[in-house]
Amino acid sequence: QVQLVESGGGLVQTGDSLRLSCAASGLAFRQYGLAWFRQAPGKERTFVAAIKATSGVPYYADSVKGRFTVSRDNAKDTIYLQMNNLRPEDTAAYYCAAGRPISSSVASENAYYYWGQGTQVTVSS
């Protein structure tokens, strides 16, 4: 059984940093592309960042470029999202996902097979 478990969310102030983690089990971690999505209250889930399986190439939504960094530790079966200079508009539930997207589909929810339960990030102004 595949499980993705996020952690690291919390309540912070504008300009603060957080690091989210997502621990995977039950899948061949190295073979999967990994991503972070987020969903704010009343809004659709949107792409945040992704990292390819073999190349480790990262991809970012324009809204987080330069502030967020996605990384993976294949030895620990874990993906991370380092979030710096947080803003109130970053407030959302953050979800990790695993799949086998091609480069043109890394930002598509449909490219990912497995999802975590989410962790809440709240940024106060």
Side-chain angles (χ1 to χ4, degrees):
Q1 180 181 0
V2 175
Q3 282 193 317
L4 301 176
V5 180
E6 301 98 335
S7 61
L11 172 63
V12 297
Q13 295 184 334
T14 297
D16 285 351
S17 298
L18 276 177
R19 189 176 82 153
L20 304 183
S21 301
C22 174
S25 60
L27 77 169
F29 187 80
R30 295 172 185 266
Q31 298 177 14
Y32 283 81
L34 305 163
W36 290 95
F37 288 77
R38 66 186 181 186
Q39 186 169 22
K43 295 187 177 181
E44 294 184 351
R45 190 156 57 184
T46 59
F47 171 75
V48 176
I51 187 164
K52 295 295 286 291
T54 52
S55 66
V57 172
Y59 299 81
Y60 298 98
D62 288 343
S63 59
V64 306
K65 278 181 183 176
R67 300 188 299 124
F68 290 13
T69 302
V70 62
S71 61
R72 62 188 295 159
D73 186 337
N74 289 337
K76 296 182 178 180
D77 289 359
T78 301
I79 179 177
Y80 303 97
L81 185 68
Q82 177 66 42
M83 306 186 294
N84 297 329
N85 192 21
L86 283 161
R87 305 167 180 168
E89 53 265 39
D90 295 318
T91 294
Y94 283 71
Y95 299 88
C96 66
R100 292 195 170 104
I102 58 175
S103 296
S104 60
S105 67
V106 291
S108 171
E109 289 188 50
N110 294 331
Y112 298 92
Y113 316 138
Y114 306 111
W115 293 81
Q117 82 290 347
T119 186
Q120 180 67 34
V121 172
T122 303
V123 185
S124 64
S125 58

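Numbers here simply count residues along the sequence, with the first being 1.
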So does R87 pair up with D90, basic N to acidic O under 4.0 Å? no
Is there a path of hydrophobic side-chain contacts, each under 4.5 Å between heavy atoms of I/L/V/M/F/W/Y residues, joining Y80 to V48? no
I'd like to check S21 versus K76 (side-chain heavy atoms, cut-off strictly below 4.5 Å). Are they in contact? no
For S105 and I102, indicate whether the former's side chain and the latter's backbone hold a donor-acceptor pair under 3.5 Å. yes
Minimum heavy-atom distance between K43 and Q39, given as atom pair plus value: O-NE2, 3.0 Å
Enter the distance from R38:CZ to T119:OG1 here, rounded to the nearest 0.5 Å. 14.0 Å
What distance separates F29 CZ from L34 CG, expressed to the nearest 0.5 Å? 4.5 Å
Given the side-chain rings of Y112 and F37, with only the six-membered ring counted for Trp, is the space between their centroids under 6.0 Å? yes
With the 4.5 Å side-chain cut-off for hydrophobic clustering, are Y113 and L27 part of the same group? yes
Side-chain polar contacts of residues 1-9 - donor-acceptor pairs under 3.5 angstrom, sequence neighbours left out - could you list them?
residue : atom : partner : partner atom : Å
E6      : OE1  : Q117    : N            : 3.0
E6      : OE1  : Q117    : NE2          : 3.4
E6      : OE1  : G118    : N            : 2.8
E6      : OE2  : C96     : N            : 2.9
E6      : OE2  : G118    : N            : 3.2

Of all pairs that satisfy salt bridge (charged side-chain N to carboxylate O under 4.0 Å, His left out), the ones with a partner from residues 94-113, not counting sequence neighbours: R45-E109
Considering all heavy atoms, the nearest A40-A92 contact: N-CB, 3.8 Å
Report yes or no: does T14 contribute a side-chain atom to a donor-acceptor pair with the main-chain N or O of S124 at less than 3.5 Å? yes
Note, R30 side chain near T54 side chain (heavy atom, < 4.5 Å): no
Could you pull out the closest heavy-atom pair between L18 and L86, with the gap in Å? N-CD1, 3.9 Å
Approximate separation, where rounding is to 0.5 Å, of D16 CG and M83 CE: 10.5 Å
Using a 3.5 Å distance criterion without hydrogens, assess whether the side chain of Y60 forms a donor-acceptor pair with backbone atoms of G66. no
Salt bridge (charged side-chain N to carboxylate O under 4.0 Å, His left out) against R19, all qualifying residues, sequence neighbours excluded: none
Taking a hydrophobic cluster as the set of Ile, Leu, Val, Met, Phe, Trp and Tyr residues connected by side-chain heavy atoms closer than 4.5 Å, whether directly or through intermediates, do Y95 and L20 fall within one such cluster? no
Heavy-atom check, side chain of I79 versus side chain of V70, under 4.5 Å: yes
Classify the ring geometry of Y94 against F68: parallel below 30°, tilted from 30° to 60°, perpendicular beyond 60°. tilted
What's the separation between atom OH in Y32 and atom CG in D77, rounded to the nearest 0.5 Å? 12.0 Å
Exercise: do N74 and R72 side chains pair donor with acceptor under 3.5 Å: yes
Nearest atoms (heavy-atom pairs only) where Y59 meets F47: O-CZ, 3.8 Å
